[in-house]
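Letters go in sequence order (proteins before strands), and every chain restarts at 1. Small disclaimer: the values here were computed from a predicted structure and weren't measured.
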Amino acid sequence: MPGHDAASPQPALSPLDPRVRALWWAVAALVAVPVVVAAAVVDLLAPLPGPAGLLTATAVVLPGGLAAVVPALRYRRWRYALRDEDLWIQRGVLWVTVTVIPLRRLQFVDTQQGPLDRLFGLAQLVVHTAAVGTSGQLPGLDAVEAERLRERLAATSADAAV
Amino acid sequence: MPPSDALVLPPPPARIAGRLHPAALVLRPVGQLVPVVLLVVAGRFPLGLAVLVLAASATAGLIRWLRFSWRVEGGTFVVEHGMLTRQRRVIPLDRIQRVDLSRSIRHRLLGVVELRVEAVGGREAEGRLEALAPQDAQALRRALLRGEVEAAPAAGGDALVALAPRQLLVAGLTGGRVGVVAALFGLADQLFGDVVGRLLERLPLLGARSTVLLVVIGVVVVFVLAVAATMVGNWGFTLTAEGDALRIRRGLLQQRLDTVPLRRVQTVRVEENVVRRALGLARVTVEVAGQAGQKEGRETNTLLPIGSRAEAARLVGHILDRPGLADVDLAPMPPAARRRRLGWALAAAAATTAGAAVSAGPAGLLAALVVVPLALLALAAYRSLGHAQVPGFVIARSGVLLRRTAFVPVDRLQVVALRAGPGQRRLRLATLRLHVARSPAGRDPALVDLAVDDARALLAQLSHPREIVHR
């Protein structure tokens, strides 16, 4: 362990609600199935040269494989921790990013619920600072928990001066 | 008890109010009416109708002018306007970031000044007064920036930078404004596209030599225009420090007076492109918080268009109130970062060779020689990386063709993020990005390819700065 300040080493990060993994699988399936079906249709009607059904097989392996694997990886990586002074968010499959947002820098906190989120009983939390671009994003939180987090974050007094 | 002969300065006026300068009546309609006048002169437009249009426009302009008023009172800047509906915009003086004065040719002919106010988080200039008498504009600017009543006459503060035309010529010759000129060419193409198209059709008939000549002439023209654009845009560049802000004066056709409040400075950057680095020259820019998206890109943020490395370092130290900050030695990144870049160079060379071999046969293998310049480029890219932490500041440097050194005050950091791709993870490297409040067109400074342990430690440390430098 490098000898850095004991001020704030990386905290233990908790995962998102497991239901969001199911949600992502559902979305991935919704995307992958038409691709496989389309490839199968093309194979039947106008097969490519080479072994029969090669296109369908590729369509099953590639998009199907991605659809099965990516949501699980994404779920494993996406974690967060809300402490007294800051919010830590880790995310990403290939490019892993750990973002630390000091609570005193928060300007806005939003909760969002898409139609699928509502179905699964989930909500998304988005926090904004004065920094441009992506801020903190937490999809797949339990709806009640998301609301609780939002209230807790809104209660912290933000730094007015930039 | 103060001595009886102490200098007592009058309190600043509690309320400043006014209208636009009458020249505003002429300023805007002129642009709108010129086509009408031209059409009349060409005989395409009935005179009676033209007179009606002119009269209507003049009346509308008069009403608009009468309805427009502004005032400074009770710590706010209030602008009221609107012909049919009354619109009032109230800007608390606390939220005002910048107050800029500018004069286009039309303004100068009429002897007026345009004043623009930008506030925190504004998407466009929040307040715009098209025409004011120069003294009124100055007085209003002082009131908006809540500058203390100046004990010394407003002869300007200490001039930090004053550029002569010769230096601007160097700036143009070594700079990268080609992008602007290319955009102009794009615009010309849109307007005169058919002419250009016909020209291009004729090209093959001219033969190879003439085509090459035309291309060369084209390049020279673009280059000359770029140099001219730099010189005209920055003519008479002067940077002065006045109290809590920096003031920039520049411009030949359009004179600009920009103000940069020091407390809004987020990051200071020193930029050196390849040519300038060889000549020992540099450019200094600042990111100011919440600036509206600028049409001119980075122009409004340039504090030193061109200067020696020593001048740039001095300026950085002055702005951030830490002399010698720019002279700090930067530590290199771990050797793994060099391996990473050499790896890219090898991969690129291999891909090029494979492609050449496929298309040109065994002779294509000669393309493998490209590995030499690519490897040199990779080594230069590694050497350009550097970082340092001093109390209160983080310094990050990167870039081969355009070397950028960013000086970030720790108390200006908004969000800090650590990012590592699969290649970086394998080499135990990570990039630390320092998110600051800045204009959307800029980029956040980053420490690229730090050792992952150092990056993690810095991540935790920078999120909770122990020392907050109060400036």
- Please check if atom CZ in A:R118 has more than 12 non-hydrogen atoms from other residues, nucleotides or ligands closer than 6.0 Å. yes
- Query: Do the side chain of B:R425 and the main chain of A:L94 share a donor and acceptor less than 3.5 angstrom apart?
  - Reply: yes
Residues 21-33 of chain A, side-chain donor-acceptor partners within the protein, below 3.5 Å, at least two apart:
unit_1: A:W25; atom_1: NE1; unit_2: A:A68; atom_2: O; d: 2.9

- Query: Where do A:P102 and B:Q414 come nearest, in terms of heavy atoms and distance?
  - Reply: CD-O, 3.1 Å
- Nearest-0.5 Å distance that lies between atom CG in B:L418 and atom CH2 in A:W88: 9.0 Å
- Value rounded to 0.5 Å, distance of CZ in A:R105 from CZ in B:R412: 8.0 Å
- Scan for side-chain hydrogen bond (donor to acceptor under 3.5 Å, both in side chains) pairs involving residues 61-76 of chain A, sequence neighbours excluded, and state none if there are none. none
- Item | B:L432, part contacting chain A, at a heavy-atom distance under 4.5 Å | neither
- Provide the closest heavy-atom pair for A:W95 versus B:G421 in the form atom of the first, atom of the second, distance. CD1-CA, 3.4 Å
- Note on the structure: Most heavy-atom pairs under 4.5 Å with chain B, out of A:T99, A:I101, A:V98, belong to A:V98
